[in-house]
Participant: 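Here it is, the structure, as structure tokens.
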Amino acid sequence: MKRNVVIATIAAVALIGGGTATAIAVTSDDEAVAKKTVTVSNDDTNRDNTDNTDNTDNTAQDRAADQSARATDEDAEDKAENAADAKAGQITAADAIRAALKHTTGTAVSADLDDEGTAHVWEVDVLTDGGAWHGIQIDPANGKVRGSHTEKDDDGDDAAETAQIRGALKGSSVTAADAAEAAAAKGTVTSVDLDEESTDQAWEVDTTAADGTGSDWRVNPDSGKVTADRSND
């Protein structure tokens, strides 16, 4: 109807410029003149400012978390060693874990980039479905398996530890490789380990920045959320 066309046109003008507009509508059958007032507030600027404020808050929170996760008592020697470890890890922690699981089927519980003499190696601990523990060494340069061994239960507590680990991982969807990938955004991952004894039973992940500064993180085994590890504060 013509009435609707006139009102829609003037309302659109009000939307563009902001303010108040009065639409006069006349029907096609000579009915009485109808008036409709449309008031529009143009608050794009306010919305933009709100969005910017939210973004600023999120960025500040991220910076605070990153600062909290950094080790503040590292000396120059420690940082140099950390930087060397990170540089040696051309194969990521997640890739090392996957390589180990191709060699030995089971659940990866930890992965550490160790310095064995003059060479670095990824040491991945895998718990098999049968309850046996295997240590698999992965070359950090090419991802190949250097060796593997079955770990002996020297102190007789493997059964209890295995049960505790299985309980911590029961129903969780985030694997050790997933945790390593989640924390990789914070730096070069040099170790992943399951903290099955704490109340939140998270994955503990260590990362190293380009300057050798180390940071500690916790990755939720259900959501994969990465938070600063404040357990040593």
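Any value given below was found using the heavy atoms of this structure, including those in side chains, with hydrogens, waters and symmetry copies removed.
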Participant: Do the side chains of Pro140 and Gln90 get nearer than 4.5 Å, heavy atoms only?
Facilitator: no

Participant: List the steps, then state whether side chain to side chain donor-acceptor pair (under 3.5 Å) holds for Asp222 with Ser172.
Facilitator: CA-CA 5 Å; Asp222 297 316; Ser172 67; 5.2 Å; no

Participant: Scan the side chains in residues 174-183 for donor-acceptor partners under 3.5 Å anywhere in the protein, sequence neighbours excluded, and list what turns up.
Facilitator:
unit_1	atom_1	unit_2	atom_2	d
Thr175	OG1	Ala177	N	3.4
Thr175	OG1	Asp178	N	3.1
Thr175	OG1	Asp178	OD2	3.1
Asp178	OD2	Thr175	N	3.1
Glu181	OE1	Arg98	NH2	3.4
Glu181	OE2	Arg98	NH1	3.4
Glu181	OE2	Arg98	NH2	2.6

Participant: Say you draw a straight line from CD of Glu161 to CZ of Arg166; how long is it, rounded to the nearest 0.5 Å?
Facilitator: 11.5 Å

Participant: Would you indicate whether the side-chain heavy atoms of Thr128 and Thr104 approach each other to under 4.5 Å?
Facilitator: yes

Participant: Are Val121 and Asp139 side-chain neighbours, meaning at least one heavy-atom pair lies under 4.5 Å?
Facilitator: no

Participant: Does the pair Lys186 and Ser215 meet the rule for a side chain to side chain contact (heavy atoms under 4.5 Å, CB included), with working shown?
Facilitator: CA-CA 8 Å; Lys186 304 295 186 179; Ser215 300; over 6 Å; no

Participant: When rounded to the nearest 0.5 angstrom, what distance separates CG in Asp229 from CD in Glu204?
Facilitator: 5.5 Å

Participant: Do Trp203 and Val226 pass the side chain to side chain contact (heavy atoms under 4.5 Å, CB included) test, and can you show the C-alpha distance, the side-chain angles, and the key distance before you say yes or no?
Facilitator: CA-CA 9 Å; Trp203 290 103; Val226 180; over 6 Å; no

Participant: Can you name the residues that form a salt bridge (charged side-chain N to carboxylate O under 4.0 Å, His left out) with Asp195, not counting sequence neighbours?
Facilitator: Arg218

Participant: Which heavy atom in Ile91 sits nearest to a heavy atom in Gly143, and how many Å separate them?
Facilitator: CG1-N, 3.3 Å

Participant: Would you list the atom pairs, donor with acceptor, under 3.5 Å between side chains in residues 129-136 and any protein atom, with sequence neighbours excluded?
Facilitator:
unit_1	atom_1	unit_2	atom_2	d
Trp133	NE1	Thr162	OG1	3.1
His134	ND1	Thr150	OG1	3.4

Participant: Compare every heavy atom of Gly106 with every heavy atom of Val126, then report the nearest pair and how far apart it is.
Facilitator: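 Smallest heavy-atom distance, with atoms named: CG1-CA, 3.9 Å.
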
Participant: Roughly how far apart are Asp112 CG and Glu123 CD, rounded to 0.5 Å?
Facilitator: 8.0 Å

Participant: Just verifying a value: how many Å separate His103 NE2 and Lys144 NZ, rounded to the nearest 0.5 Å?
Facilitator: 14.0 Å

Participant: Hey, are Asp206 and Thr190 close enough side-chain-wise for a donor-acceptor pair under 3.5 Å?
Facilitator: no

Participant: Could you check if a side-chain atom of Lys102 sits within less than 4.5 angstrom of a side-chain atom of Val145, using non-hydrogen atoms only?
Facilitator: no

Participant: Minimum heavy-atom separation for Ser148 to Gln137, with atom names?
Facilitator: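 That closest heavy-atom pairing would be N-OE1, 3.3 Å.
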
Participant: If only side-chain N and O atoms count, and only distance matters, is there a donor-acceptor pair under 3.5 Å linking Thr227 with Trp217?
Facilitator: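 The answer is no; no qualifying pair exists.
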
Participant: So, taking the atom named CG in Leu101 and the one named OG1 in Thr107, what distance separates them when rounded to the nearest 0.5 Å?
Facilitator: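 Answer rounded to 0.5 Å: 7.5 Å.
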
Participant: Locate the shortest heavy-atom distance separating Ala96 from Ile138; write the atom from each residue and the value.
Facilitator: O-CG1, 3.7 Å

Participant: To the nearest 0.5 Å, what is the distance between OG1 on Thr188 and CG on Leu113?
Facilitator: 10.0 Å

